[in-house]
Amino acid sequence: MQLGLIGLGKMGGNMRERIRRAGHTVVGYDRNPEVSDVSSLTELVSALEGPRVVWVMVPAGGATQSTIDQLGELLEPGDTVVDGGNSRWTDDEKHAEELAAKGIGFVDAGVSGGVWGLKNGYALMVGGDAEHIAKVQPVFDALKPEGDAGFVHAGKVGAGHFSKMVHNGIEYAMMQAYAEGWELLEKVHSVTDVREVFRSWQEGTVIRSWLLDLAVNALDDDEHLEKLRGYADDSGEGRWTVEAAIDNAVPLPAITASLFARFASRQDDSPQMKMIAALRNQFGGHAVESAK
């Protein structure tokens, strides 16, 4: 099938390549002309045969809103827009309503996989009407990992991004636990090889995970994380998860504490945040700050 893909950064560029490897045609647009296939959104839409599917992979908020507004003027009834960025689920409901008034379908897709997705595939959590999702299904099949897992139609519009938000909230708490354990091991004098302790956990333990593997990768690169400043940013989804928990009276003590720990990292140089920063760089290619 044909797909228009808007946003060819670290995730979007790799997604374009993975979809093409599956035999589909992808017309990509990015503000960076060096990676773009076309020079404008108008040219992208013109290059696709109807009914079109256009996937938006740009930063949440104003950039997504502006892109969807433009697509609403360029697309035709029967076309479908997919928002694969990290938009807030409440924005999805607004976008779906605006596009539906013009006969254009809308699907929200939570995408997990980071910089490793090209090789391993992307976990996809999608929300929207079944008829709209069916139009995109060949692309979902191309992006997901091999096997039965890695794709879910989570529910109505907004369900995909809400599920991804909760996924990221859990990720916050898991990373924080590894970071706290790492700092404690580094602190005591009796443990002389913390990196190898972490490596020993990769097989046979109940806490083995991909994040643990990435922690070992980070420690192989910088055994005591001395090159990193103990600062970790947050993309916003942790905050949204805590806000949703408050709205629904659901206790999330571990996720909330992990979010607050990131705030604390901005006040002092935190050893735990060196591990958080290293993990975010490993799985998502997120920027890190060098130690001074």
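When a residue number appears, it is its place in the shown sequence, counting from 1.
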Can you give each donor-acceptor pair under 3.5 Å made by side-chain atoms of residues 2-12, sequence neighbours left out, with the distance rounded to 0.1 Å?
| from | atom 1 | to | atom 2 | distance (Å) |
| --- | --- | --- | --- | --- |
| Q2 | OE1 | E49 | N | 2.8 |
| K10 | NZ | G285 | O | 2.8 |

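Side-chain atoms of V54 and T80, non-hydrogen and from C-beta on, never get closer than 4.5 Å to each other. With a 4.5 Å cut-off on side-chain heavy atoms, H161 and N86 do not count as touching. Counting heavy atoms from C-beta outward, V107 and D83 have side chains that stay 4.5 Å or more apart.
Of all heavy-atom pairs between G85 and M57, the closest is N-SD, 4.1 Å.
Applying the salt bridge (charged side-chain N to carboxylate O under 4.0 Å, His left out) test to residues at least two apart or on different chains, the pairs with a partner in residues 66-80 are R52-E76, R52-D79, E73-K102. Residue pairs satisfying the salt bridge (charged side-chain N to carboxylate O under 4.0 Å, His left out) criterion with at least one member in residues 147-166, sequence neighbours excluded, are listed as follows: K164-E237. Counting only residues at least two apart or on different chains, no salt bridge (charged side-chain N to carboxylate O under 4.0 Å, His left out) pair has a member in residues 132-142.
Scored by the side-chain hydrogen bond (donor to acceptor under 3.5 Å, both in side chains) test, S66 finds Q70 as partners (sequence neighbours excluded). Under the rule for a side-chain hydrogen bond (donor to acceptor under 3.5 Å, both in side chains), D222 has no partner lying at least two apart in sequence or in another chain. Residues satisfying the side-chain hydrogen bond (donor to acceptor under 3.5 Å, both in side chains) criterion with T67, sequence neighbours excluded, are absent altogether. Remark: Y29 engages no residue in a ring pair (Phe, Tyr, Trp, His ring centres under 6.0 Å) (not counting sequence neighbours). Not counting sequence neighbours, the partners of D37 by the salt bridge (Lys or Arg N to Asp or Glu O under 4.0 Å) test are R16, R20. Partners of T205 according to the side-chain hydrogen bond (donor to acceptor under 3.5 Å, both in side chains) rule, which considers only residues two or more places apart in sequence or in another chain, do not exist here. Considering only residues two or more places apart in sequence or on other chains, K94 meets the salt bridge (Lys or Arg N to Asp or Glu O under 4.0 Å) condition with E98.
At a threshold of 4.0 Å, the pair K187-E183 does not count as salt-bridged, since none of the basic side-chain nitrogens sits closer than that to a carboxylate oxygen. Here R262 does not pair with D233 in a salt bridge; the nearest charged N to carboxylate O distance is not below 4.0 Å. A salt bridge between E93 and R88 is absent, with no side-chain N of the basic residue lying under 4.0 Å from a carboxylate O of the acidic one.
Applying the under-4.5 Å side-chain rule to Ile, Leu, Val, Met, Phe, Trp and Tyr, the cluster around V152 extends to M125.
The aromatic rings of F198 and Y178 sit tilted relative to each other, their planes meeting at an angle between 30° and 60°.
Transitive grouping of hydrophobic side chains (ILVMFWY, heavy atoms separated by less than 4.5 Å) brings I19 and W55 into a common cluster.
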